[in-house]
Amino acid sequence: MSSGPNFIEEIVEADNASGKWKGKVHTRFPPEPNGYLHVGHAKSIILNAGLATKYGGKFNLRFDDTNPAKEEQEYVDSIISDVKWLGGDFEDRLFYASDYFDQMYVWAEKLIEKGVAYVCDLPPDEMSRQRTPQSPTGTLLPGIDSPFRNRSVTENLDLFRRMKKGEFAPGKCVLRAKIDMASGNINLRDPVMYRIVKEHHHRQGDKWCIYASYDWAHGLEDSIEGITHSICTLEFENHRPLYDWFLDQLGIHHPQQIEFAKLLFTHTILSKRNLRRMVADKIVAGWDDPRMPTIAAFRRRGYRASALRTLIETLGVTKNESVIDIGRLEEAVRNDLASVPRRMAVLDPIKVVITNYPAAQVEQLELDNHPKDTAAGKRSVPFSRELYVDRDDFMEAPTKDFFRLGPGREVRLRGAYWIKCENFVKGADGKVIELQCTYDPATRGGENPPDGRKVKGTIHWVSAAHALTAEVRVYERLFAVEAPGAAHEDTEARPAFMNDLNPESLIVRNNAKLEPLLGSAKLGDTFQFERLGYFNVDLDSKPQALVFNRTMSLNASTPAKENARPVVAAPAKPAKSESKPAAAAPTPPPSEIEFGDFTKVVLKAGKVKAAEKVEKADKLLKLTVDLGEAAPRTIVSGIAEAFAPDQLIGRNVVVVTNLKPRALKGIESRGMILAAGSGKALQLINPGDVVPGSDVK
RNA sequence: UGGGGCGUCGUCUAAGGGUAGGACAUCAGACUUUGACUCUGAGUAUCGUGGUUCGAAUCCACGCGCCCCAGCCA
């Protein structure tokens with residue numbers, strides 16, 4: 001796990017070796033308080049705080065509250081608790097950019113006096129045009145100087161002071177830095193330092209009507225706090241020259257800005273706008289709904305900070321933009337919870353009557369709290385004639401790879417006895433409501449009987465008379481596809497990502513049966529319910545109305561039922577399949593496979609409707625292919641050397657339909673034409689005279 | 001088109017002129033009173049083309065691909 005230092009640590013170590021900061025390391029996490037923190041922020045917090053810890057430095061939490069229109073106290077509070085929960089130890093160093101407004105103002109006047117800042121009266125759209133003029137062919141041209149660029153220092157000072165006093169309406173004018181209107185980096189084309197905003201600030205009230213912009217403010221904030229390494233995400237790379245320019249002009253403490261790639265996950269959306277939308281549209285119950293990617297949601301769901309820290313350490317820190325498989329997070333959570341005590345719970349109960357067990361008898365059986373850790377001790381679990389087992393553990397007509405209960409089948413009840421199903425009873429609705437079983441007294445504790453009989457299955461159970469009834473919320477991934485929204489268009493009514501919601505992301509079991517010891521579980525407690533996963537006590541739980549969340553499923557290596565066979569079987573509509581994973585197979589098969597994953601290809605017959613050459617690509621043809629779907633697909637294929645577009649129209653072809661869409665010469669290709677040979681000798685595979693959309697075997 | 005950044009197994013990530021290694025995922029097997037955990041094994045990678053060199057993922061050149069910037073957001 002521990003590989004060498006990451007590139008940021010290398011910089012820090014080099015600085016320590018050269019004495020650049022006299023051995024000091026001081027980092028910071030500078031959120032804007034305009035939303036809840038999510039996993040992406042966790043990386044930044046863990047990275048910054050971790051650096052400070054590792055090199056004996058300090059870590060600050062600072063609210064970058066320079067835009068009064070967007071910021072709220074609610075977010076400040078949630079961010080503070082999230083940072084603390086993640087282990088970001090800022091001690092007493094909780095700061096607000098707004099506390100530096102006076103100092104920033106003094107420095108702004110200094111730049112005006114130096115002649116490198118001026119008040120500009122251009123309206124916003126005009127300023128934008130002058131900063132980014134384009135030639136008729138779309139080439140970016142050098143910017144045009146503002147007519148106000150050469151105002152005198154006296155005039156600028158006067159105007160700026162009047163801006164501060166509130167004499168001008170918002171939008172009337174701004175303070176700009178005088179840098180370089182010809183720079184290729186647009187950020188250097190006289191960026192805005194102050195704009196007029198007449199809004200109530202959450203800490204400053206109505207004291208200010210001019211507010212510093214990010215580029216002007218951020219370096220100053222870092223400088224004031226004595227930050228040494230100012231770590232931010234890649235999109236700020238273009239802003240670094242500005243960061244440096246302001247600090248150089250002022251001649252003040254000059255931290256080094258370092259950029260890294262932010263953390264993204266598959267099956268997840270992270271943009272604040274979209275998260276807000278999900279909360280507003282009640283797709284989820286709130287910012288801390290356990291399906292959300294927020295820190296607050298993770299905490300509520302039962303993830304621990306240590307899982308996140310381990311994960312992020314394992315993933316490393318680079319400048320490669322990467323999307324992490326959400327399975328990595330899930331796996332990290334499982335590993336982190338592995339040591340937690342075991343309990344038994346039945347989510348979807350079927351009653352079991354042990355016909356040869358004495359009606360009045362109750363045994364207290366001793367079960368291990370943890371199978372590997374003897375120090376975790378034992379607990380006592382009552383056993384009696386009537387039990388509950390999970391519906392998933394019984395099949396009326398069991399297949400041969402099903403190891404659990406069925407007519408005539410024998411299984412081990414974990415830590416109790418072997419039982420054999422002799423009969424079952426159905427209710428009026430045809431559902432099985434009761435299993436009649438016999439037990440073998442020679443198997444007490446679940447031990448093997450002396451006659452050498454074997455069973456393959458061990459299942460969990462709960463004594464009916466002693467069971468607690470609880471609500472259990474079973475969570476799955478919120479999105480059914482890797483890249484939510486990617487295959488759809490946004491509309492006003494429905495953002496693209498909403499098309500990819502997993503309809504089974506929450507299943508509530510409100511008649512779950514728990515072993516009695518769970519009655520004393522407190523908020524914050526997590527258990528493994530054997531064979532089901534890790535579960536924690538939810539915020540909504542009350543002593544007489546217990547509520548548990550499934551924090552994470554266990555790995556399931558074998559299909560629980562015959563309908564969950566992920567491999568060869570091809571879904572009819574690969575673009576939106578697999579919305580119904582079986583309960584015990586939480587990881588649905590991917591609907592879009594990677595190029596090269598040949599065991600899972602879905603082949604369909606298609607008819608070419610149109611074909612044309614692709615500009616600037618000798619080998620590519622852009623085909624429109626009817627696959628019997630609602631709309632024909634665009635497929636870009638490298639077959640231009642062998643075929644002219646006209647030759648292809650009307651032809652039947654074989655298409656790999658479940659490839660991940662790929663962009664070829666900027667055209668999104670949704671599928672691949674099957675062909676053999678190469679170059680001019682290329683042959684298309686012909687499916688014969690079949691209907692578009694037919695399966696091809 | 002201008003400026004900035006990034007390209008290593010399916011996915012992350014090491015290797016800083018000298019055996020392309022690890023993790024996750026996948027597959028196969030062992031073990032198992034959780035179809036879990038654990039253990040063993042397997043396969044698959046340096047964006048391309050040239051060049052320098054005894055030797056290149058690494059250095060050079062030219063391409064190609066992807067991401068970011070053109071808010072008075074951060």
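Sequence lines set the chain letters: A, B, ... in the order given, protein chains first and strands last, and positions in each chain run from 1.
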**Q** Between Tyr417(A) and Arg444(A), does any side-chain donor sit less than 3.5 Å from a side-chain acceptor?
**A** yes
**Q** What distance, rounded to whole Å, do you find between the two P atoms, one in U53(B) and one in U26(B)?
**A** 47 Å
**Q** Could you work out the separation of G43(B) and C31(B) based on their C1' atoms and round it to a whole Å?
**A**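 Pairwise C1' distance, G43(B) against C31(B), rounds to 24 Å.
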**Q** Separation of Gln130(A) atom CD from A70(B) atom P, in whole Å?
**A** 18 Å
**Q** Mind checking the P distance from A57(B) to U8(B)? Whole angstroms is fine.
**A** 15 Å
**Q** Rounding to the closest angstrom, what is the interatomic distance between A42(B) and G21(B) at atom P?
**A** 12 Å
**Q** If we take the C1' atom in both A23(B) and A45(B), what is their distance in whole Å?
**A**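 Per the computed distance, 15 Å lies between those C1' atoms.
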**Q** Distance criterion of 3.5 Å, no angle test: do you see the side chain of Arg240(A) paired donor-to-acceptor with the base of G4(B)?
**A** no
**Q** With heavy atoms under 4.0 Å as the rule, sort Pro241(A) into base, sugar-phosphate or nothing.
**A**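 Pro241(A): no heavy atom of the nucleic acid under 4.0 Å.
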**Q** So Thr458(A), base contact, sugar-phosphate only, or nothing? Heavy-atom distance under 4.0 Å.
**A**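 Answer is sugar-phosphate: Thr458(A) comes under 4.0 Å of backbone atoms only.
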**Q** Any side-chain donor paired with an acceptor under 3.5 Å for Asn67(A) and Tyr214(A)?
**A** no
**Q** Just the rounded figure in Å: distance from C1' of U13(B) to CG of Leu263(A).
**A** 14 Å
**Q** How would you label the contact of Gln528(A) with the nucleic acid (heavy atoms, under 4.0 Å): base, sugar-phosphate, or nothing?
**A**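 Result for Gln528(A) = base.
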**Q** Rounded to the Å, how far apart are His460(A) NE2 and G35(B) C1'?
**A**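 Those two atoms, NE2 and C1', are 13 Å apart.
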**Q** Pick the P atom in C47(B) and in C54(B), then give their distance to the nearest Å.
**A** 25 Å
**Q** Take atom C1' in G29(B) and the same atom in G35(B), then report the distance between them in whole Å.
**A**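 After rounding to an integer number of Å, I get 15 Å for this pair.
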**Q** Using the salt bridge (charged side-chain N to carboxylate O under 4.0 Å, His left out) rule, collect all pairs that involve residues 257-268 of chain A, keeping only residues at least two apart or in two chains.
**A** Glu235(A)-Lys262(A), Arg240(A)-Glu259(A), Glu259(A)-Lys319(A)
**Q** At under 4.0 Å, does any side-chain N or O of Asn320(A) touch on OP1 or OP2 of U13(B)?
**A** yes
**Q** Can you check G71(B) for me, syn or anti if syn means within 90° of 0?
**A**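 With its glycosidic angle within 90° of zero, G71(B) counts as syn.
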**Q** Under 4.0 Å between any heavy atoms, over every strand shown, what does Asn238(A) touch: base, sugar-phosphate, or nothing? Just pick one.
**A**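 Base: the residue Asn238(A), judged by heavy atoms under 4.0 Å, touches a nucleobase.
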**Q** Which part of the nucleic acid, if any, lies within reach of Glu126(A) when heavy atoms closer than 4.0 Å are counted: base, sugar-phosphate only, or nothing?
**A**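 Nothing, no heavy atom under 4.0 Å.
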**Q** Report the distance from atom CG of Asp390(A) to atom C1' of U34(B), rounded to the nearest whole Å.
**A**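 So the CG-C1' distance, Asp390(A) to U34(B), works out to 13 Å.
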**Q** State whether Phe29(A) and Arg62(A) meet the cation-pi test: NZ (Lys) or CZ (Arg) under 6.0 Å from the six-membered ring centroid, and within 45° of the perpendicular axis.
**A** no
**Q** Are Asn185(A) and Ser183(A) linked by a side-chain donor-acceptor pair shorter than 3.5 Å?
**A**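 No, no side-chain donor-acceptor contact under 3.5 Å.
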**Q** Strictly below 4.0 Å: does Arg531(A) bring a side-chain N or O up to OP1 or OP2 of G35(B)?
**A** yes
**Q** May I have the distance from Ile179(A) (atom CD1) to G3(B) (atom C1'), rounded to whole angstrom?
**A**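 Ile179(A) atom CD1 is separated from G3(B) atom C1' by 15 Å.
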**Q** Mind checking ring-ring contact (aromatic ring centres under 6.0 Å, His included) for His202(A) and listing every partner two or more places apart, or none if nothing turns up?
**A** none
**Q** Round to the nearest Å and state the distance from Asp180(A) atom CG to G2(B) atom P.
**A**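 Going from CG in Asp180(A) over to P in G2(B) covers 17 Å.
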**Q** Within this structure, what is the CD-to-C1' distance between Glu237(A) and C68(B), rounded to whole angstrom?
**A** 9 Å
**Q** Assign each of Ser322(A) and Arg414(A) to its nearest nucleotide of RNA chain B by heavy atoms, then name whichever residue's nucleotide is nearer the 5' end.
**A** Ser322(A)
**Q** What does the 5'-to-3' dot-bracket notation of RNA chain B look like when only Watson-Crick and G-U wobble pairs under 3.5 Å count, and pairs to other strands show as |?
**A** .((((((..((((....[..)))).(((((.......)))))....(((((..]....))))))))))).....
**Q** Does Ser183(A) reach a base, just sugar-phosphate, or nothing at all? Heavy atoms under 4.0 Å.
**A** nothing
**Q** In whole Å, I'd like the distance from the CG atom of Leu234(A) to the P atom of C67(B).
**A** 13 Å
**Q** Which value, in whole Å, describes the distance between the P atoms of nucleotides A56(B) and A20(B)?
**A**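 Looking at atom P only, A56(B) and A20(B) are 11 Å apart.
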**Q** Could you list, one pair per line, each protein nitrogen or oxygen that sits under 3.5 Å from a nitrogen or oxygen of nucleotides 72-74 of chain B, together with the distance?
**A**
| from | atom 1 | to | atom 2 | distance (Å) |
| --- | --- | --- | --- | --- |
| C72(B) | OP2 | Arg131(A) | NH1 | 3.1 |
| C72(B) | N4 | Leu122(A) | O | 3.1 |
| C72(B) | N4 | Gly171(A) | O | 3.1 |
| C73(B) | OP2 | Arg195(A) | NE | 2.9 |
| C73(B) | OP2 | Arg195(A) | NH2 | 3.0 |
| C73(B) | O3' | Arg195(A) | NH2 | 3.2 |
| C73(B) | O2' | Asn67(A) | ND2 | 3.3 |
| C73(B) | O2' | Lys70(A) | NZ | 3.2 |
| A74(B) | OP1 | Thr66(A) | OG1 | 2.9 |
| A74(B) | OP1 | Arg195(A) | NH1 | 3.2 |
| A74(B) | OP1 | Arg195(A) | NH2 | 2.8 |
| A74(B) | OP2 | Tyr214(A) | N | 2.8 |
| A74(B) | O3' | Asp64(A) | OD2 | 2.7 |
| A74(B) | N6 | His239(A) | NE2 | 3.3 |

**Q** Is the closest side-chain donor-acceptor distance between Asn34(A) and Lys272(A) under 3.5 Å?
**A** yes
**Q** By the salt bridge (charged side-chain N to carboxylate O under 4.0 Å, His left out) test, which pairs, at least two apart or in different chains, include something from residues 410-420 of chain A?
**A**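 Every salt bridge (charged side-chain N to carboxylate O under 4.0 Å, His left out) pair that includes a residue of residues 410-420 of chain A, provided the two are not neighbours, is Glu410(A)-Arg453(A), Arg414(A)-Glu530(A).
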**Q** Keeping to residues at least two apart or across chains, list the salt bridge (charged side-chain N to carboxylate O under 4.0 Å, His left out) pairs with something in residues 117-137 of chain A.
**A**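 Listed once each, the pairs are Asp121(A)-Arg151(A), Asp125(A)-Arg129(A), Glu126(A)-Arg129(A).
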**Q** Would Ser230(A) and Arg28(A) count as having a side-chain donor-acceptor pair, cut-off 3.5 Å?
**A**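 Side-chain D/A pair, Ser230(A) to Arg28(A): present.
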**Q** Report the C-alpha separation of Asp393(A) and Arg531(A) in whole Å, then their side-chain angles, then the decisive distance to 0.1 Å, and conclude whether the salt bridge (charged side-chain N to carboxylate O under 4.0 Å, His left out) test is met.
**A** CA-CA 11 Å; Asp393(A) 289 334; Arg531(A) 303 208 307 132; 2.5 Å; yes
